[in-house]
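For the numbers below, each heavy atom of this structure counts, side chains included, while hydrogens, waters and symmetry mates do not. Chain letters run A, B, ... following the sequence lines, proteins first, then strands; residues in each count from 1.
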Protein chains: 2
Amino acid sequence: MPSEVPAEAPSRGPGRDIPEATVARLPVYLRALTALEERGIGTCSSEDLAAATGVNSAKLRKDLSYLGSYGTRGVGYDVDYLRYQIAREIGVTQDWPVIIVGIGNLGHALANYSGFRSRGFRVVALLDAAPERHREQVAGLPVRPFDELEDIVDQQQVAIGVIATPAVAAQDVADRMVASGITSILNFAPTVLSVPDGVDVRKVDLSIELQILAYHEQRKGAPEEGGQRPSRRAGTAAGVTA
Amino acid sequence: MPSEVPAEAPSRGPGRDIPEATVARLPVYLRALTALEERGIGTCSSEDLAAATGVNSAKLRKDLSYLGSYGTRGVGYDVDYLRYQIAREIGVTQDWPVIIVGIGNLGHALANYSGFRSRGFRVVALLDAAPERHREQVAGLPVRPFDELEDIVDQQQVAIGVIATPAVAAQDVADRMVASGITSILNFAPTVLSVPDGVDVRKVDLSIELQILAYHEQRKGAPEEGGQRPSRRAGTAAGVTA
DNA sequence: AGGAGTTTGTGAACTGGAGAACAAACTGAG
DNA sequence: CTCAGTTTGTTCTCCAGTTCACAAACTCCT
């Protein structure tokens, strides 16, 4: 019997129970607003924002309405004000300390990714189990032994961890992360992690994204011969069925 | 939403109109089946696969039913057979040639990512606009000038391109890709790409994933109050909510 | 001041997908 | 052969999310 979260009052006001689909789009709006602000644009309509983010304008307005009424009818939204409100709702008005475990190719790239720092995150430590990596300095940070995980999480008050290890190590790393107090994990390893309730996991899988593209690509090539689209798959995907 | 799909005949049987949500899960099943096969397991039930992939077993059976009836009632699924059928449906029984544009930190990591080759993709070329990178050799491939894009796409019959450039360059790269015949794009740059109908784009955005985690993390820390501070740690991780 | 023109915020219909439940189809024992 | 046990494929119900459509609220012009 999986005990569900007790139903809270569906308070109409700003701040409670934002749909998951909306939460996933808020960062997109945030980025678009930042871009508008950098271009010196002070006000924008929902149509403008919708065009910039590729979202239906009605959906966008409904998304924003979950945060509150921050627009002005007949005018639109104040870019700076709305940007701040979204940042506050997401929780990125201050930086979150983040650690990265697994400093291979991908870990390297993540450690050097400047988008983290500018968008509410600060990489405070890099960890790797392999001793030969502990001499390296990546993105201005030393690569530290994995055993120091607990200390780092404790001292730096880390709540979010990134796993960029090979698949076999990922579950162990996740377990140690959870045990040390981390409650949100971004997993780049191609494994399904099992974690206790109360811990959030998001997974980014590069080859899955490509495979989804491949599925649609295959469909493009096959169904109709009369299409103007040149079938890009002449020699590779012939009929396979026996 | 400009992507209107022409109404096709809702032909029954395996092969047509698989729901998008199902398509996104097929690669997960594929990977789990490969893992089972490597462990020498010849047959599995929907419950087994569901446990391995973290998916509800009824949902899994429904997903598989879109492909056809590949299971045996009272027995389960033949691992090897089902694995092949899914691979065929996705279109990864042969390798798709892929190019990567933008060989910075992330491009480096992607070029070296072994998961592509083993899962239906073959990186055939790396491109970058910066001349100083053209001397490098990454993952056994030379970094070639971006101007060679058209030739490479044409000669190697490339249908899928990966963009790992900075945000400002991404739209230009996408335009050139589309002009040269690429019809599927995996975009790592933090920009909304606009492409003509018939071209698929999938976006992977690292900081958006982190921001979604941050939102939930913030909620955990201050369930009652609006005070937002990255100071977490409510005790040990197991069983956070009572 | 008043009316025309904009744009937001939201109630209501519509859509797609998730989960429960069950009949059909298979295996194996007696 | 029959019956009990197992597991698939499918139907039905329900819910979250999307989209439409419009009243409310604001600005600007005359």
Atom pair distance, as rounded to whole Å: [atom1] in [X] and [atom2] in [N]:
{"X": "A:D78", "N": "C:dT7", "atom1": "CG", "atom2": "P", "result": "16 Å"}
{"X": "A:L49", "N": "C:dT7", "atom1": "CG", "atom2": "P", "result": "13 Å"}
{"X": "A:L67", "N": "C:dG9", "atom1": "CG", "atom2": "C1'", "result": "13 Å"}
{"X": "A:Q85", "N": "C:dG9", "atom1": "CD", "atom2": "P", "result": "12 Å"}
{"X": "A:L60", "N": "D:dT19", "atom1": "CG", "atom2": "P", "result": "12 Å"}
{"X": "A:E47", "N": "C:dT6", "atom1": "CD", "atom2": "C1'", "result": "11 Å"}
{"X": "A:L82", "N": "C:dG9", "atom1": "CG", "atom2": "C1'", "result": "14 Å"}
{"X": "A:L64", "N": "D:dT18", "atom1": "CG", "atom2": "C1'", "result": "15 Å"}

Self-check item: Any residue meeting side chain to side chain donor-acceptor pair (under 3.5 Å) with A:D175, in chain and number order, not counting sequence neighbours
Solution: A:Q171

Exercise. Only counting residues at least two apart or in another chain, list the ones meeting side chain to side chain donor-acceptor pair (under 3.5 Å) with A:R119.
Key: none

Self-check item: Nucleic acid footprint by protein, nucleotides 17-26 of chain C - heavy-atom cut-off 4.0 Å, B for base, S for sugar-phosphate alone
Solution: SBBBB--BBB

Quiz item: B:S46 side chain N/O closer than 4.0 Å to the phosphate oxygens (OP1, OP2) of D:dT7?
Solution: no

Quiz item: For D:dT7, does either OP1 or OP2 sit under 4.0 Å from a side-chain N or O belonging to B:Y70?
Solution: no

Quiz item: With A:T53, which residues qualify under side-chain contact (heavy atoms from CB on, under 4.5 Å), at least two apart?
Solution: A:V28, A:Y29, A:A32, A:L49, A:V55, A:L60

Quiz prompt | Aromatic contact, B:Y70 with B:Y81 (centres under 6.0 Å) | solution = yes

Quiz item: By salt bridge (Lys or Arg N to Asp or Glu O under 4.0 Å), which residues pair with A:E20, not counting sequence neighbours?
Solution: none

Practice problem: Mind checking salt bridge (Lys or Arg N to Asp or Glu O under 4.0 Å) for B:E47 and listing every partner two or more places apart, or none if nothing turns up? | Solution: none

